[in-house]
Every structure is written in C-alpha cells, then in structure tokens.
Amino acid sequence: MIELHELTKLLTHTQHFVTHESEEALKEHGLSLAKYNILNALAQSGGRLPFSVLVDRLGCVRSNITGLIDRLQEDHLVQRVDHPEDRRMLFAELTDEGRALIEVAAPCHAKAIQKAFSGLTEEQQELLNKLLHDLIRVEVG
C-alpha cells in the first residue's frame with residue numbers, strides 16, 4: 001500500500017509541473033499564471049466581475065487579487081469600475097487590450113496543459129479526473 005505522504009508529494013510535484021508548463025507558455029505573452037487566471041476568469045464571464053467573485057473563483061485572498069489587478073491595470077489590461085449603487089463594491093473589467101491578449105494567450109495555455117498531460121491516455125485522464133473529484137468531495141470530519 002502506498003504511503004499517504006508519498007501520494008501528497010506526488011500531488012504537489014504534479015501541481016508544480018503543470019504550473020511550470022503553464023508559466024513557460026505564458027512568458028511569451030508577458031503573463032504569469034496568476035495574471036492569466038484573472039484575465040481568463042474575466043473573459044469567461046463576459047469581461048467584468050466583482051473583486052469578491054474573483055477571490056472566490058481563484059481561491060486567493062483579496063489582497064492578492066487587488067495586487068494583481070493593480071499590475072494588470074498598469075499594463076492597461078484591466079480597469080477598475082465602481083458599482084453604480086454600492087461604493088464598497090469594485091469590479092475588474094477587461095480592456096480591449098486585455099481581451100486581445102487573452103484571445104492569443106488562451107490557446108498557448110491550453111496547448112501547455114495538453115502537453116503536461118500528454119503522458120496519459122484519454123482514459124487515464126478521465127480516471128484521474130474522477131479520482132481527484134472523489135478526493136476533494138471527501139468531507140473532513
């Protein structure tokens with residue numbers, strides 16, 4: 001039987017490997033994976049999301065999202081938009097430059113992910129998907 005700490009090390013190593021492949025592919029577009037994830041989340045949602053939704057979707061703390069949005073705004077890829085009725089709520093919105101960049105970066109990211117998982121057959125990928133879903137659905141007592 002496999003030791004659980006070995007399994008944990010393998011999962012961590014796998015996550016680092018996939019992240020590295022993604023980061024390398026996104027370098028040519030001047031993006032980190034964290035910045036890409038924000039641009040992608042915005043693009044997938046029609047171009048605008050509240051900061052709180054980005055925090056939930058990306059699993060980051062608000063200060064990390066705020067810092068990333070600051071840098072993306074400096075790069076003219078996103079802009080902050082105030083909520084028309086609630087001054088406490090801010091939206092991040094893709095600019096035209098941000099939309100153009102995510103359109104070219106997304107296929108490069110997809111290709112990197114495909115490359116990272118190319119060592120597995122389609123059936124193995126489906127099994128891994130099922131197993132990982134089963135793992136995260138386990139309730140912690």
message: To the closest 0.5 Å, what do you measure between CZ (Phe51) and CD1 (Ile65)?
response: 8.5 Å
message: Keeping Ser118 on the side-chain end and Lys115 on the backbone end, is there a donor-acceptor pair under 3.5 Å?
response: yes
- line: For Gly119 and Gln124 the tightest heavy-atom approach is O-OE1, 4.1 Å
message: Check this for me: does any side-chain nitrogen of one of Asp134 and Lys130 sit under 4.0 Å from a carboxylate oxygen of the other?
response: yes
statement: side chain to side chain donor-acceptor pair (under 3.5 Å) pairs touching residues 24-34, sequence neighbours excluded, are Glu24-Lys27
task: Answer yes or no: is there a side-chain heavy-atom contact under 4.5 Å between Arg80 and Thr66?
output: yes
- prompt: Can you get from Ile113 to Leu31 by hopping between Ile, Leu, Val, Met, Phe, Trp and Tyr side chains that sit under 4.5 Å apart?
  reply: no
task: Could you grab the distance from atom CG of Leu128 to atom CD of Glu123, nearest 0.5 Å is fine?
output: 13.5 Å
Where Ala112 and Glu21 come nearest, the two heavy atoms and their spacing: CB-O, 3.5 Å
query: So if you build clusters from Ile, Leu, Val, Met, Phe, Trp, Tyr with side-chain heavy-atom gaps below 4.5 Å, do Tyr36 and Val53 land together?
result: yes
Any residue meeting side chain to side chain contact (heavy atoms under 4.5 Å, CB included) with Asn64, in chain and number order, not counting sequence neighbours: Cys60, Val61
- line: Output for pair (Leu54 CG, Leu90 CG), nearest 0.5 Å, gives 11.0 Å
task: Only counting residues at least two apart or in another chain, list the ones meeting side chain to side chain contact (heavy atoms under 4.5 Å, CB included) with Val81.
output: Arg48, Gln79, Phe91, Glu93
query: Is there a donor-acceptor contact under 3.5 Å from the side chain of Gln125 to the main chain of Phe117?
result: yes
More than 12 heavy atoms from other groups under 6.0 Å of NE2 on His13: no
message: Applying the side-chain contact (heavy atoms from CB on, under 4.5 Å) criterion to Lys35, which one of Leu26, Ile69, Leu77, Asp75 satisfies it?
response: Asp75
- prompt: Does atom CD of Gln114 have more than 12 heavy-atom neighbours, drawn from other residues, nucleotides or ligands, at distances under 6.0 Å?
  reply: no
message: Run the salt bridge (Lys or Arg N to Asp or Glu O under 4.0 Å) test on Glu74 and Arg71 for me, step by step, so that the C-alpha distance in whole Å, both residues' side-chain angles and the decisive distance to 0.1 Å come before the verdict.
response: CA-CA 5 Å; Glu74 289 169 9; Arg71 290 190 290 285; over 6 Å; no
query: Backbone N or O of Asn129 within a donor-acceptor pair of the His133 side chain at under 3.5 Å?
result: yes
Leu11: partners by side chain to side chain contact (heavy atoms under 4.5 Å, CB included), with sequence neighbours left out: Leu132, Leu135
Would you be so kind as to tabulate the donor-acceptor pairs closer than 3.5 Å made by side chains of residues 96-110, with sequence neighbours excluded?
from	atom 1	to	atom 2	distance (Å)
His109	NE2	Ser22	OG	3.4

Show me the side-chain donor-acceptor pairs of residues 37-46 shorter than 3.5 Å, one per line, residues at least two apart or across chains.
from	atom 1	to	atom 2	distance (Å)
Asn37	ND2	Leu33	O	3.3
Ser45	OG	Ala41	O	3.1
Ser45	OG	Arg57	NH1	2.5

